[in-house]
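Basis for what follows: all heavy atoms, side chains included, without hydrogens, waters or symmetry-related copies.
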Amino acid sequence: MENDSVLAVRTWIENRTAELPAGFASDVRAWLLVLLDGDSRAKPRSHACVYVYFGGVRPLLKNWATTRGHLREITVTDVTAALSPLRGWQRRNAIAALRSLFRFAKKRGLIFANPTTRLRMEDIPRSLLPMTDAEVLAVQRIAVTPAQRLIVALAAVRAARATAIRRLTLDDLDLPNRRITIAGHGQRLGELPHQTLVAWLDQRRATWPKTPNRHVLINAKTALGTRPVSPEYLKRHLLHQGVYLERIRGDRVLHEALTVGADPLHLALVFNLSHTTASSYAAIAQNLLDDTAAVEELPLNQWRPRRRTS
């Protein structure tokens, strides 16, 4: 019997593909279901992958539908034109999704030639680009348990590294005064991490009331001792589901740089970063701020809104 999460994804696939133009809907639905379930040639992909891939191709398909009636009519020129305005992770996600879709269509005999055969994805530092709408949505859909929500909150709000999250102990928490010490760096505890901490600690206390382990995150194995959870614990809860903590952490640092100012010293002090890393984030933020300023200076008849990814 399928669990609720799989049934929810199936319902989502049916609803979203039903919104596509008739000539594309059935093929895209079949593709997404193979991503979800796998087949004789491929293993099932994470739910996050399904959401992100569809978010990458949906606006392109809707645009193509104005002049094309089926996937087999899409040419290399069409793909190149559709990708040309995209940058960074938005472009990379779109390329990965299109390659997957058209490979599937070619194997099933739905198209005569694959227009994405020569597409190549540039190597982009994942943590140095803003998260797309599709990525944010995927994280929200996946991080549902108290432990998952706590891990994501510490990465998203405090920019905590995976190792620091695993090694966090009860002695590092000062809940009455809303303070937390992460990797030896004392910080104010915001509302979201405070709420997720309280929810997780309640579950932790109810599940393992007599554990001697002082680490905040524990499981059935580590509750019997004093060691922190393993890196595999975080992978099993999030990475294997398609959630990248370094991606979330990087987005938080970049958001700070865009909001407060592209000052590497400020970033280094707030997030305990090296000067090199802080300077990289500051440079990316400054480039984004410069791009925004350039767009705002364009005449209205030359401005085009940035496409959303979902």
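- A donor-acceptor pair shorter than 3.5 Å cannot be found between the side chains of Arg167 and His215.
- The pair Asp37-Lys43 does not meet the salt-bridge criterion, since no charged nitrogen lies less than 4.0 angstrom from a carboxylate oxygen.
- No donor-acceptor pair under 3.5 Å is formed between the side chain of Ser100 and the backbone N or O of Ala96.
- One N or O on the side chain of Trp200 and one on the backbone of Val216 form a donor-acceptor pair closer than 3.5 Å.
- Checked by atom type and distance alone, the side chain of Gln148 pairs as donor or acceptor with a backbone atom of Val144 at under 3.5 Å.
- For the pair Arg227 and Thr222, the tightest heavy-atom approach, listed with the atom from each and the gap, is O-CB, 3.5 Å.
- Placement of Leu150 and Leu170 within a single hydrophobic cluster is found when ILVMFWY residues are connected by side-chain heavy-atom separations under 4.5 Å, directly or transitively.
- Across all their heavy atoms, Pro212 and Leu224 have their closest contact at CG-O, 4.3 Å.
- For Arg45, the CZ atom counts as loosely surrounded, since its 6.0 Å shell holds 12 or fewer non-hydrogen atoms of other residues, nucleotides or ligands.
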Practice item. Run the numbers on Trp64 and Phe24 for ring-ring contact (aromatic ring centres under 6.0 Å, His included), then give the verdict. Key: CA-CA 10 Å; Trp64 285 332; Phe24 297 94; 7.4 Å; no

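- Atom NZ of Lys62 sits in a crowded spot, with more than 12 heavy atoms from other residues, nucleotides or ligands closer than 6.0 Å.
- From Thr67, atom OG1 reaches atom CD1 of Ile74 across 7.0 Å, with rounding to the nearest 0.5 Å.
- When every heavy atom of Ile151 is checked against every heavy atom of Ile165, the shortest pair comes out as O-CD1, 3.8 Å.
- Here the closest heavy-atom approach between residue Val57 and residue Ala97 is recorded as CG1-CB, 3.4 Å.
- A distance-only check finds no donor-acceptor pair linking the side chain of Asp251 to the backbone of Ile248 [under 3.5 Å].
- Without hydrogens or angle criteria, Thr66 side chain to Asn63 main chain gives a donor-acceptor distance under 3.5 Å.
- In terms of hydrophobic clustering, with Ile, Leu, Val, Met, Phe, Trp and Tyr side chains grouped at heavy-atom distances under 4.5 Å, Leu175 and Leu168 are assigned to a common cluster.
- Counting only heavy atoms from C-beta outward, the side chains of Phe54 and Leu35 never approach each other to under 4.5 Å.
- Pairing each heavy atom of Ile218 with each of Tyr233, the nearest pair is O-OH, 4.1 Å.
- Taking both residues in full, the closest heavy atoms of Arg99 and Leu119 are given as NH1-O, 3.8 Å, listed atom of the first, atom of the second, then distance.
- The closest donor-acceptor contact from the side chain of Thr211 to the backbone of Ala223 lies under 3.5 Å.
- Side chains of Asn114 and Thr116: a donor on one and an acceptor on the other come within 3.5 Å.
- Surrounding CZ of Arg166 are more than 12 heavy atoms belonging to other residues, nucleotides or ligands, all under 6.0 Å away.
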